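This one's a predicted model, so the numbers in the text were calculated from it and none came from an experiment.
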Amino acid sequence: MNRRDFLAFSAASFAGSTFGVLPVGAQARVPVLGLIFPPADRGVPEEGVAMYGDTLKFVVTGLGVEKMTPEGFDAVMARIPAAAKRLAAAGAQAIELTGTSLTFYKGEAYNQRLRAIVTEASGLRATTMSNGVIEGLKAVGAKKVAVATAYNDEVNDRLRAFLKEHGLTAAVVTGLGIEAIADVDRVTQKDLIDFGARVRQSAPDADSLLVSCGGFRTLELIAPLEARTGVPVISSMPHGLWAGARLVGLSGAAPGYGRLLSRR
């Protein structure tokens with residue numbers, strides 16, 4: 001190779017390394033979010049795949065919660081450290097403890113303690129689904145919230161108190177009275193959109209609507225509910241995942257799925 005050819009080759013090599021033609025293994029890796037679910041056998045969330053496609057990878061594990069009651073939650077709390085360790089071993093870069101009621105039922109101080117337990121066990125940053133809901137409500141400027149839930153009256157009262165801790169007023173909290181986690185799947189998409197609209201209608205002075213239960217499939221209902229009710233809608237699973245995506249460095253945006261997720 002003569003000097004001219006050598007210089008041309010060197011320049012091309014430098015340009016390639018500078019503008020993205022990187023060796024195998026040096027290319028940017030897809031971030032990995034670990035999810036601890038209340039049920040034992042929940043797989044990768046379809047809503048997460050719909051929101052983020054191949055820009056975010058999920059690794060998941062479960063706790064084996066059977067009932068959405070304080071007693072049901074108490075029974076599995078000791079399993080959280082082991083679950084966090086499993087996700088760290090599976091390559092998670094941050095972890096979200098999902099289950100809205102699982103993380104708000106003893107108030108904000110306990111919600112913070114749960115995050116600390118996950119971090120202590122895994123060495124990773126952590127958030128909860130309740131954090132995602134609160135962050136979502138604050139991001140849309142909510143102050144007076146109409147709340148539609150899966151829960152019984154006791155859990156609803158605890159949610160009302162949790163919202164108050166964060167400076168939010170629950171204009172109304174209406175639940176479906178579901179306790180067994182297995183029964184959540186019986187609620188249809190039509191049931192959910194009609195239920196959410198009724199709850200919002202019962203509190204005409206509410207400036208937002210919260211649909212609380214991570215087991216509800218609500219991603220595709222957010223925009224239609226916003227159109228029907230005239231207020232921003234925050235929902236457990238989509239906005240919990242939004243918070244988790246931000247924890248691993250993404251913007252969280254998922255255009256087409258309501259006001260907040262459509263922000264870039």
Open item on the list: Rounded at 0.5 Å granularity, tell me how far CG in L97 sits from CG in L35.
Closed with: 10.0 Å
Task: Test item: V199 and V147 side chains (from C-beta on) under 4.5 Å apart, heavy atoms - done: no
Open item on the list: A quick test of your reading: do over 12 heavy atoms of other residues, nucleotides or ligands sit less than 6.0 Å from CD of Q201?
Closed with: no
Open item on the list: Under a 3.5 Å cutoff, is there a donor and acceptor pairing between the side chains of Y151 and S212?
Closed with: yes
Open item on the list: Testing the 3.5 Å rule here: is there a donor-acceptor pair between the side chains of S130 and N111?
Closed with: no
Please list, one pair per line, the donor and acceptor atoms closer than 3.5 Å that link side chains of residues 230-247 to other protein atoms, with sequence neighbours excluded.
{"residue": "S235", "atom": "OG", "partner": "V211", "partner atom": "O", "Å": "3.4"}
{"residue": "S235", "atom": "OG", "partner": "T218", "partner atom": "OG1", "Å": "2.5"}
{"residue": "S236", "atom": "OG", "partner": "T100", "partner atom": "OG1", "Å": "2.7"}
{"residue": "S236", "atom": "OG", "partner": "C213", "partner atom": "N", "Å": "2.9"}
{"residue": "H239", "atom": "ND1", "partner": "S235", "partner atom": "N", "Å": "2.9"}
{"residue": "H239", "atom": "ND1", "partner": "S235", "partner atom": "O", "Å": "3.2"}

Table please: side-chain donor-acceptor pairs of residues 50-60 below 3.5 Å, with sequence neighbours left out.
{"residue": "Y52", "atom": "OH", "partner": "G252", "partner atom": "O", "Å": "2.7"}
{"residue": "T55", "atom": "OG1", "partner": "Y52", "partner atom": "O", "Å": "2.6"}

Open item on the list: Which residues pass the salt bridge (Lys or Arg N to Asp or Glu O under 4.0 Å) test with R228, not counting sequence neighbours?
Closed with: D194
- [ ] Under the salt bridge (Lys or Arg N to Asp or Glu O under 4.0 Å) rule, collect the residues that match up with R186, sequence neighbours excluded.
- [x] D183
TODO: Ignoring hydrogens and angles, tell me if any N or O in the side chain of R259 forms a donor-acceptor pair with the backbone of S262 under 3.5 Å.
DONE: no
TODO: Would you check if the side chain of R42 reaches a backbone N or O of F37 as a donor-acceptor pair within less than 3.5 Å?
DONE: no
- [ ] Quick one: which residue pairs count as a salt bridge (charged side-chain N to carboxylate O under 4.0 Å, His left out) with a foot in residues 66-85, not counting sequence neighbours?
- [x] D74-K106
Report all side-chain donor-acceptor pairs from residues 161-182 shorter than 3.5 Å, counting only partners two or more places apart or in another chain.
{"residue": "E165", "atom": "OE2", "partner": "E108", "partner atom": "N", "Å": "3.0"}
{"residue": "H166", "atom": "NE2", "partner": "E108", "partner atom": "OE1", "Å": "2.9"}
{"residue": "E179", "atom": "OE2", "partner": "N152", "partner atom": "ND2", "Å": "2.9"}

- [ ] Search all heavy atoms of F216 against all heavy atoms of V184 and return the closest pair with its distance.
- [x] CD2-CG1, 3.8 Å
